[in-house]
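Indexing begins at 1, ligand by ligand and atom by atom, following the structure's order. Computed from a predicted structure; not experimentally measured.
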Amino acid sequence: MVESRRGLLLINTGSGKGKTTAALGTAMRAAGNGMKVLVLQFLKGSWHYGELDAAEFFGGNLVIRQMGRGFVKVGGAETDPEDVRMVEHAWEEAHAAIDSGEWDMVILDEINYAIGYKMLDPVKVADALRNRPEMVHVILTGRNAHPLLVEMADTVTEMKEVKHAYQKGILAQKGIEF
Ligand code: ATP
Ligand code: MG
């Protein structure tokens, strides 16, 4: 029996460029179908990305919120408790949004980094995703996706770096990186 319509769990991971932009492309596709999409960006906050303004064109069908403050120091005593608190708050918002019935798609951008940096418990995330309302699509992005989440996901894409402009010393460009 093939299910014709259901909420999927997708993960965009790997070390190549395109994890966030692929998620935003899916968001645009969904919003164009009249679906309501919420993007919560873990850790991000200091840069102003073009997508924040582009979302305004979708009139409430696409909402993007930055839940961090940008650059994070990580590793044992280096990890600032304020960053951990912001990740916890982002996760509370994410969990509530997924269960609210208000959104058809919830994108948790860079959440894999928050988990990888041990700022968020993958078991807690997996439990919440497993018990989410049936029709909600969820996309997780960031390198080094946790194996527990990869295991339960429906579609997992690993971006592979062939080359990146940064290696030639080219810094982030408007419209490409932000
Ligand atoms: P994008 O937001 O462009 O889709 P991403 O989500 O795949 O990138 P992140 O790990 O979130 O990548 O990193 C975001 C930033 O780091 C972007 O500015 C991106 O261009 C840059 N970046 C991504 N991959 C690489 C790489 N392999 N080498 C250098 N910089 C990279
Ligand atoms: Mg990204």
Report task. Please work out whether any backbone atom (N, CA, C, O) or any side-chain heavy atom from C-beta onward of Gln167 is under 4.0 Å from ligand 1, and answer side chain, backbone, both or neither. Result -> neither
Requested in this report: Output the distance between atom CZ (Arg143) and atom CG (Asn12), rounded to the nearest 0.5 Å.
Outcome: 13.5 Å
Query raised in the report: Which option, His164, Lys17, Met159, owns the non-hydrogen atom nearest atom 21 (C) of ligand 1?
Result: His164
Report task. From the options Lys19, Glu51, Lys160, select the one whose nearest heavy atom is closest to atom 5 (P) of ligand 1. Result -> Lys19
Please determine whether a side-chain nitrogen of the Lys or Arg among [X] and [Y] lies less than 4.0 Å from a carboxylate oxygen of the Asp or Glu.
{"X": "Asp109", "Y": "Arg65", "result": "no"}
{"X": "Arg69", "Y": "Glu82", "result": "no"}
{"X": "Asp127", "Y": "Lys124", "result": "no"}

Query raised in the report: Does Gly16 reach ligand 1, in the sense of a heavy atom lying below 4.0 Å from it?
Result: yes
**Report entry** Atoms of the protein (N/O/S only) found under 2.8 Å from the Mg ion (ligand 2)
**Finding:** Thr20 OG1, Glu110 OE2
Requested in this report: Identify the protein heavy atom lying closest to atom 8 (O) of ligand 1, giving its residue, its atom name and the separation to 0.1 Å.
Outcome: Gly18 N, 3.7 Å
Query raised in the report: Which residue holds the protein heavy atom closest to atom 11 (O) of ligand 1, what is that atom called, and what is the gap in Å?
Result: Glu110 OE2, 2.9 Å
Query - Candidate list Leu8, Ile98, Ile107, test side chain to side chain contact (heavy atoms under 4.5 Å, CB included), partner Val138, passing option - result: Ile98
Query raised in the report: Within a distance of under 4.0 Å, is there any protein heavy atom near atom 25 (C) of ligand 1?
Result: yes
**Report entry** Side-chain donor or acceptor of His137 paired with backbone N/O of Gly7 under 3.5 Å
**Finding:** no
Query raised in the report: Is there a donor-acceptor contact under 3.5 Å from the side chain of Glu177 to the main chain of Gln173?
Result: yes
Query raised in the report: Between Leu108 and Phe42, does a side chain to side chain contact (heavy atoms under 4.5 Å, CB included) hold up when you go through it step by step?
Result: CA-CA 7 Å; Leu108 306 180; Phe42 285 69; 3.9 Å; yes
Using atom types as modelled, flag every donor-acceptor pair under 3.5 Å from a side chain in residues 152-164 to any protein atom, sequence neighbours excluded.
residue: Asp154; atom: OD2; partner: Leu9; partner atom: N; Å: 2.8
residue: Glu161; atom: OE2; partner: Gln167; partner atom: NE2; Å: 2.5
residue: His164; atom: ND1; partner: Tyr166; partner atom: N; Å: 3.0

Query raised in the report: Between Tyr113 and ligand 1, is there a nitrogen or oxygen pair with a distance under 3.5 Å?
Result: yes
